[in-house]
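First listed ligand is number 1; within each ligand, the first listed atom is number 1.
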Amino acid sequence: MLPQERIIVPLDVPDLESAIELTKTLPDVTFWKVGLELFVSAGTSILDYLKEQEKRIFLDLKFHDIPNTIEGACRSAMKYNVDLLTVHATAGKEALKAAVKAKKESNSSTKLVAITLLTSINTRELALDLKIPLELPEYTLQMAILAQDSGLDGVVCSPQEVGEIRRVCGENFWLVCPGVRPTFSQKGDQKRVMTPKEALQSGADYLVIGRPITQSETPEIAWQQICQEIAQ
Ligand SMILES: O=c1ccn([C@@H]2O[C@H](COP(=O)(O)O)[C@@H](O)[C@H]2O)c(=O)[nH]1
């Protein structure tokens, strides 16, 4: 796989037209992420469009519900043959297993990945707001182990946790990392970040990089700069 094929760019835009325009601005992007903003607005039409363009799709709807609902939602999503699909690890073991059941029964090749802890949350918020009594790296590792024990294909985590999760969960566990910030860009609401090159060197399989590219005045140049950095 070429290094740039490890970059997933989120289509965090308000409507189908803007999404199509962005894909045309960045024709070399092979893997696009469809998240809540666009999916609520455009529905499955964006999935059909990306398939027609022979792009890979990360459907990042972050399901978090009771097992029966998660199973049905995963079954519906898998009809679109997306490459990656997210559920929250904190939905619990039964819900994660329900997602895996939906995958098996659909005979789907979609990779199911669990959110360990949103990359916008830091140590202080985990302890003081969410009242989680574990250290942040230990908590994210435990969420990854829960996902792996439940039969998921991998997790979404910050690049800062990749090394330890890789060591414990092994090579065949997909580690997908948002919270990636090239040196030229702002962190924004992301709290646990690394540069693209550091994230790959730590062992990430895929990097999700949005605003540093999509909010740039010159998205094509931002994309090329990141591709050059990780290719070196
Ligand atoms: O923990 C998570 C899970 C998902 N995301 C999503 O990734 C992108 C990141 O976009 P940037 O513009 O590069 O910050 C965004 O679509 C999030 O919904 C995440 O950031 N953290």
*Asks:* Closer than 4.0 Å to some heavy atom of Arg211 - which atoms of ligand 1 meet that?
*Replies:* 11 (P), 12 (O), 13 (O), 14 (O)
*Asks:* Please report the interatomic distance CG(Leu11) to CG(Leu16), rounded to the nearest 0.5 Å.
*Replies:* 10.0 Å
*Asks:* For ligand 1, is any non-hydrogen atom under 4.0 Å from Val180's backbone (N, CA, C, O), its side chain (CB onward), both, or neither?
*Replies:* neither
*Asks:* Please say whether more than 12 non-hydrogen atoms of neighbouring residues, nucleotides or ligands are located less than 6.0 Å from CG in Asp189.
*Replies:* yes
*Asks:* Taking only heavy atoms of Asp60 into account, list the atoms of ligand 1 that are under 4.0 Å away from them.
*Replies:* 4 (C), 6 (C)
*Asks:* Applying a strict 4.0 Å limit to heavy atoms, is Gln215 in contact with ligand 1?
*Replies:* no
*Asks:* Given Gly188, Pro178, Gly35, identify the one with the heavy atom nearest to atom 5 (N) of ligand 1.
*Replies:* Pro178
*Asks:* Do the side chains of Lys191 and Glu125 get close enough for a salt bridge, i.e. N-O under 4.0 angstrom?
*Replies:* yes
*Asks:* Looking only at protein heavy atoms, identify the closest one to atom 9 (C) of ligand 1 and say how far it is in Å.
*Replies:* Gln190 NE2, 3.6 Å
*Asks:* Please verify the inter-ring angle class for Phe31 with Tyr206; under 30° counts as parallel, over 60° as perpendicular, anything in between as tilted.
*Replies:* perpendicular
*Asks:* N/O of Asp189 under 3.5 Å from N/O of ligand 1, yes or no?
*Replies:* no
*Asks:* How far is atom 15 (C) of ligand 1 from its nearest protein heavy atom, and which residue and atom name does that atom have?
*Replies:* Asp12 OD2, 3.4 Å
*Asks:* Using only heavy-atom distances, determine whether the side chains of Glu5 and Thr30 contain a donor-acceptor pair under 3.5 Å.
*Replies:* no
*Asks:* Of the side chain and backbone of Thr119, name the one, both, or neither that has a heavy atom under 4.0 Å from an atom of ligand 1.
*Replies:* both
*Asks:* Taking N or O atoms only and a 3.5 Å limit, does Leu118 qualify as a polar contact for ligand 1?
*Replies:* no
*Asks:* Taking the side chain as C-beta and beyond, is there a heavy-atom pair between Ile8 and Trp32 under 4.5 Å?
*Replies:* no
*Asks:* Any side-chain heavy-atom pair from Ile209 and Val9 closer than 4.5 angstrom?
*Replies:* no
*Asks:* Got the closest protein heavy atom to atom 18 (O) of ligand 1, with its distance?
*Replies:* Lys62 NZ, 3.4 Å
*Asks:* How far is atom 11 (P) of ligand 1 from its nearest protein heavy atom, and which residue and atom name does that atom have?
*Replies:* Arg181 NH2, 3.5 Å
*Asks:* Please find the pair of heavy atoms, one from Pro196 and one from Leu207, that lie closest to each other, and give the distance.
*Replies:* O-CD1, 3.6 Å
